[in-house]
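Because only heavy atoms are used, hydrogens play no part in the values below, and waters and symmetry mates are left out as well, while side chains stay in.
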Amino acid sequence: MAASPSSTMILSSKSSRASLSWKNQLASTSAFRVSAVTLPRRSLRQCPRFVVFSMDAKPTVLVAEKLGEAGLKLLKEFANVDCSYNLTPEELCTKISLCDALVVRSGTKVTREIFESSGGRLKVVGRAGVGIDNVDLAAATEHGCLVVNAPTANTVAAAEHGIALLTAMARNVAQADASVKAGKWLRNKYVGVSLVGKTLAVMGFGKVGSEVARRAKGLGMHVIAHDPYAPADRARAIGVQLVSFDEALASADFISLHMPLTPATKQILNDETFAKMKKGVRIVNVARGGVIDEEALVRALDAGIVAQAALDVFTVEPPPKDSKLIQHENVTATPHLGASTTEAQEGVAIEVAEAVVGALKGELSATAVNAPMVPAEVLLELKPFVVLAEKLGRLAVQLVAGGSGVKSVKVTYGSARAPDDLDTRLLRAMITKGMIEPISSVFINLVNADFTAKQRGLQISEERLILDGSPESPVEFIQVQIANVESKFASAISDSGEIRVEGRVKDGVPHLTKVGSFEVDVSLEGSIILCSQVDQPGMIGKVGSVLGEENVNVSFMSVGRVAPRKQAVMAIGVDEQPSKESLKRIGEIPAIQEFVYLGL
């Protein structure tokens, strides 16, 4: 597979191998190569595996569960979309190696086997909804696959369904309806309870939980909440008191569950916790079925500890027809309808489609589940610095001489902001990406950057220098140093002995501002030639003439020197890749002592 024009090339070193990312493939000639691959198996099921590398095709998105038309339209404008529903695990294994993205709802299990079967091609999994317990996040991260969800579009719908179940349960609506349709008129049997003045414990005070709390307050209920991560001031703002888990259980007349399914919350309502509840408590669950031990709930219902339960989610969906829980006369059940409104379905489809398309374009996602979670406004602010960070990483690693193992990297951020007002996780991830990709066949993204660095023994330390001045800009400069290595460009070695590059963002454009101990100023929009020379007149003209003869456009030139007529470093930004012959001619200019071409 030939390297694309954007691939890194360093004179006298091996050119880097092209990424298997579809983005790099777009620049290549029109051709297809199909090859069978053997991948590790975790089960005895046999799934034929084929990896297709398309050199100029659109990315392919597999939609494995029904998605709203508005979302499909967005996907089809950007990618080839394959809508294949009700796939078996084996069928999904076979299809996934042909796909760059996968969109699912809650019914498809995206297991480690799926990621292994993708052969490295799968870059994005989009979960049309909030919960991601059906996706193996650890496997996604290890395979460099971004997982995005749609956390906001169905918030109101889920909250409304929670309130609907709450009120229907309190007034026995489902049971009374079934009775009337059976020809009965049992007014005395279906006497309900009032909500006004009752205590509702909201377990999980995130987006949906807080919306349920708002609506319950409007019904005249006293609302308390338990969430170890919820800020107390946000709860107070809507008149909700945060309490401990045990206090919530002991105080509540009604309990509404809104927590994710994690190892810590799995079967969090069990025999032990039911025993701590007020006798006659009523429970609503529109979160995840697995947070309740369903057999224990049946026992609590039979014992009268739990008077009623209204459930939209179950451990196994659909639940068995003979389920004692479903058949219990004091249980109201709906088939996972929390997000099932016309408005929510379209909203979720649009939200997840936008996230998937953005991720395939290489954009940062505010809804990424297994990447550094950064608010959308911070992503926008950091965007030019993210570009700078990756390019500094690429420059630094290309300056390392062959045979030198990169093990220790120090990143310094200069900023006028307080330390707790600058989240550097995203910048660190991009520096890691920039350093590993040019010297590896591994495709690195925000998801697996830290994992891959650790796997390769790369230790990255960070330091922040607090500067005087206005904190308007999040970062004034970023400096990358690689210790205990030799450099193919000796002038890149700082006075303290490390390879050092430093950059700033100027008018939204990343600039290289220091190489070793030499101050330079060159835009990082193309590639760079660094020349170490004796400072003398005419040097810029001589190098420019060589490049001009080959029609290589020079975007910028900058010279940093220790003193007039002494040692200097010239940084030249070029839009095209010079030929080896042109680079050789530059090296033969008498005053030039060394040079290196750095592809970005």
Checklist entry - Leu261 and Lys266: side-chain contact (heavy atoms from CB on, under 4.5 Å), yes or no, with the steps? => result CA-CA 6 Å; Leu261 179 60; Lys266 185 176 182 180; 4.1 Å; yes
Considering all heavy atoms of both residues, which atom of [X] and which atom of [Y] are nearest to each other, and what is their separation?
X	Y	value
Ala355	Val148	CB-CG2, 3.8 Å
Ser487	Phe489	OG-O, 2.8 Å
Glu142	Arg112	OE1-NH1, 3.0 Å

Do side-chain atoms of [X] reach the backbone of [Y] as a donor and acceptor pair under 3.5 angstrom?
X	Y	answer
Asn149	Val130	yes
Arg464	Leu422	yes
Glu65	Gly107	yes
Ser97	Cys93	no
Gln398	Gly599	yes
Ser527	Gln577	no
Glu294	Thr315	yes

Item to check | Thr341, Thr334, Asn154 screened by side chain to side chain donor-acceptor pair (under 3.5 Å) with His161, the one that passes | outcome: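 Answer after filtering Thr341, Thr334, Asn154: Thr334.
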Checklist entry - Would you call Lys207-Glu211 a salt bridge at under 4.0 Å N-O? => result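 Judged by the 4.0 Å cut-off on N to carboxylate O distance, Lys207 and Glu211 do not form a salt bridge.
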Is the count of non-hydrogen atoms from other residues, nucleotides or ligands lying under 6.0 Å from [X] atom [atom1] greater than 12?
X	atom1	answer
Gln327	CD	yes
Gln459	CD	no
Glu77	CD	yes

Item to check | Chi angles and distances behind the side-chain contact (heavy atoms from CB on, under 4.5 Å) call for Val386, Leu427 | outcome: CA-CA 6 Å; Val386 165; Leu427 301 177; 4.1 Å; yes
Is there a side-chain contact between [X] and [Y], using heavy atoms and a 4.5 Å cut-off?
X	Y	value
Leu257	Val284	no
Thr424	Val411	no
Val505	Val475	no
Thr60	Leu98	no
Leu392	Leu512	yes

Atom [atom1] in [X], atom [atom2] in [Y]: separation rounded to 0.5 Å?
X	Y	atom1	atom2	answer
Asp82	Leu102	CG	CG	10.5 Å
His258	Asn285	NE2	CG	8.5 Å
Leu67	Ile350	CG	CD1	9.5 Å

Next on the checklist: With side-chain contact (heavy atoms from CB on, under 4.5 Å) as the criterion, how do Leu146 and Lys123 come out once you've worked through the C-alpha distance, each side chain's angles and the decisive distance to 0.1 Å?
Outcome noted: CA-CA 6 Å; Leu146 187 71; Lys123 294 295 180 287; over 6 Å; no
Next on the checklist: Determine whether Arg428 and Glu462 satisfy the following criterion, salt bridge (charged side-chain N to carboxylate O under 4.0 Å, His left out), listing intermediate values before the conclusion.
Outcome noted: CA-CA 8 Å; Arg428 182 183 71 248; Glu462 295 178 290; 3.1 Å; yes
Checklist entry - Passes side-chain contact (heavy atoms from CB on, under 4.5 Å), Phe115 versus Val110? Steps please. => result CA-CA 8 Å; Phe115 294 106; Val110 188; 3.7 Å; yes
Next on the checklist: Does Thr152 form a side chain to side chain donor-acceptor pair (under 3.5 Å) with Glu351? I'd like the steps, not just the answer.
Outcome noted: CA-CA 8 Å; Thr152 61; Glu351 186 173 12; 2.8 Å; yes
Item to check | Residue pair Asn134 / Ser106, side-chain donor-acceptor N/O under 3.5 Å | outcome: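 The answer is no; no qualifying pair exists.
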Checklist entry - In a check of side-chain contact (heavy atoms from CB on, under 4.5 Å) between Leu598 and each of Val397, Val501, Leu399, which one passes? => result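 Checked Val397, Val501, Leu399 against Leu598; only one passes side-chain contact (heavy atoms from CB on, under 4.5 Å): Leu399.
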